[in-house]
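Residue numbers start from 1 in every chain, and the chains themselves are labelled A, B, ... in the order their sequence lines are given, proteins ahead of strands.
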Amino acid sequence: MKAMNKTLLAVAVAATTTLAGFAQAGPVSDDKVKIGVLADMGGVYADICGPGCVTAVEMAVEDFGGTVLGMPIEVVSADDQLKPDVGSAKVRQWVENEQVDAVGGLVSSAVVGAATKVLTDNKKIALISTAASNAFTTSACSPYNVHWTYNVAAMANGTVKPIVQSGKKKWFFITADYAFGHALEGVATEVIVENGGEVVGGVRAPLGTTDFSSYVLQAQASGADVVALANAGGDTVNALKTAAEFGLTQTADVAGLLVFTPNAQAMDPATAGGMTLTTGFYWDYDDATRAWSKRFKERHGAIPAMGHAGAYSMTMHYLKAIEAAGTDESDAVMAKMKEMKPDDFFARNATLRADGRMVHDMYYVQIKKADERRDADDIFKVIDVIPGDTAFAPMLPECNFVKS
Amino acid sequence: MNTSIFTHSKLNLVLLLLALVAPFVLYPVFLMKVLCFALFACAFNLLLGFAGLLSFGHAVFLGTGGYVTGYLMINTGITPELGILAGTVAAGLIGALYGKLAVRREGIYFAMVTLALAQLAFFFYLQAPFTGGEDGLQGVPRGHLFGVIDLSDNLQMYFFVLAIFLFGFWLIQRTVHSPFGQVLKAIRENEPRAISLGYNVNDYKWVAFIISAALAGLAGSTKTLVFQLASLTDVHWHMSGEVVLMTLVGGMGTLFGPLVGAAAIVTIQNYLSGGELGNYIHIIMGAIFVICVLAFRNGIVGQFRKVLKQNF
């Protein structure tokens, strides 16, 4: 009988503590909001979203006050080495074992493709700042994907269309040989054909190619009016340099379809000057962008690329959504993120669509020639503001995750 | 081997108990990674440690297993055990082809032939449409084992991987201690003498190569299921170098060496990739390799055994 009582007591105690445990579990999982930043810390994309993206996310957390709903916000970061296996393994470890609630940064489309699958399986949010492929809100769309800064469709619409319409009809592509390059070449080709141009040829170069000479010679032999560089980061810089060395820039226009400010800065103004391109952000646009960029430069040592500003802006929006939702549970936060309008120095006239695509003003800019520059950071001249609805492709019905 | 104070059966038992308890303490995916690489290194060690053949292209078997399994799992919806079997067989077939060509040469030429053939395969996989190029095969489903056990659960997946590893390890142990394994060791020690005794040396090497390739493929297939991804990293020559490193650090020509080496290297990589030293990972790995070669050539297990022998 005594033993029986003891057992009962033990069960009762156990039940009470368990219940108490449940009662204490707050709206924020694990009593903290943890954001992982996955970026390229040492490869060809390190300048456009590497340590700078970590800095941007940390700035957002600090500006937000370091806590949300009374719980601390923690930032962890990792290098994806531009490899899908390394990146997705890290993300898996974060969400399964280290209580990470959302992953930001996210640069190379190949890595992001693998990482977003892991995140969606685990119902965690992907805050994609720098990846270019439009797949994350189209063919591979997910209720947990947020794609912020730009995508290939916006680049093609913004950069390619005006050049084709100006009468340069024959195009040749030098394309980065993975998800992003293929996607960019695809949408750019559509835009060229729609506007009466033709694609006369193309080559695909592996990511991180150092010797572009054979590709440039093929482009030269094709007789194209425009040679489009459907690559990014260090690849664009190397390709353009080689194009100049082989005299390609004398005989044809070279169009960089995706040029980030650090890369434009690394190009020789004599060859890159006058090139037009599309960007999601330019630091010297107005007082608000200048103020933030000044703070960023003080910490990072260089002016921000669009992915840096995007990473800050979307981290802010994510934290605001947690506060508004009163929880860090992914579905509730995603609903709030899509309901609230992003509005800051980066996101102008912006909405986060039901498919996770953030639609905002894009900028059509020209790279300044050497004599137009007042200092090393003075790179772009903003020619035009492209409204988001014109820049981004319309939402696919199957990716509408907010059904009314 | 029998002079060691631990008999192998006792050591086996202790390790098995550790492996059964480990997933409740450590992150299962990390442990699965260790097991996959351990199997890969053990397969490699069968060739290097027991037949004296340094293959510099073993990544191609790891990668082939991964791609075949990944492709079949994504496109045909077969069960994981069949997917893994197909990957293993495919790696074995490529091993048969590559081995036939490579065993005709010895030493550095053997290594160069395997490296050249592996590079051939790497560029094939880079360009072939079914591998996804730089993107790799993403979102490979883990599926249900025998159509019943859901492997998307990490713990169940872990015990499946452990079973595969134990099978591979057992097979290697059996091979090494069989008459076939004795002949391999004889070839390693003195090839002309083995020939003079009437053994067809090239055939023995070839069979060892095929077993090693198939087991490397088994490791690759399993790894693809664990990470739900098959990528170029697995066929890159860096991977061929990494398995040499694992085997040498652990102890070449010992049964447990590759296991210890793989665990050590994977742990170091895992630990460094998250920290401040992430950018120096290759330098640190290089330094470990140099220290290992200079200071203890027998590897961790070899050194441990030597110390035991001297002191007890």
### Message
Other residues, nucleotides and ligands only: do more than 12 of their heavy atoms fall within 6.0 Å of OH on B/Tyr71?
### Response
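No, not enclosed.
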### Message
On a heavy-atom basis, which atom in B/Glu134 and which in A/Pro206 lie closest, and how many Å separate them?
### Response
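Answer, listing the atom of B/Glu134 first, then A/Pro206: OE2-CB, 4.2 Å.
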[atom1] of [X] to [atom2] of [Y]: how many Å apart, nearest 0.5 Å?
X: A/Asp85; Y: B/Leu232; atom1: CG; atom2: CG; result: 9.0 Å
X: B/Leu229; Y: A/Arg92; atom1: CG; atom2: CZ; result: 9.0 Å
X: B/His236; Y: A/Lys83; atom1: NE2; atom2: NZ; result: 7.5 Å
X: B/Gln138; Y: A/Ser88; atom1: CD; atom2: OG; result: 8.0 Å

### Message
Main chain of A/Ala179, side chain of B/Asp135: is a donor-acceptor contact present, judged purely on distance under 3.5 Å?
### Response
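Yes; judged by distance alone, with no hydrogens or angles, the pair exists.
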### Query
Do A/Glu96 side-chain atoms and B/Tyr27 backbone N/O form a donor-acceptor pair below 3.5 Å?
no
### Task
Could you give me the CA-CA distance, side-chain angles and deciding distance for B/Gln228 and A/Asp121, then say whether side chain to side chain contact (heavy atoms under 4.5 Å, CB included) is met?
CA-CA 11 Å; B/Gln228 304 182 279; A/Asp121 283 349; 4.1 Å; yes
### Query
Would you say the side chain of A/Gln93 lies within less than 4.5 Å of the side chain of B/Asn270, judging by non-hydrogen atoms?
yes
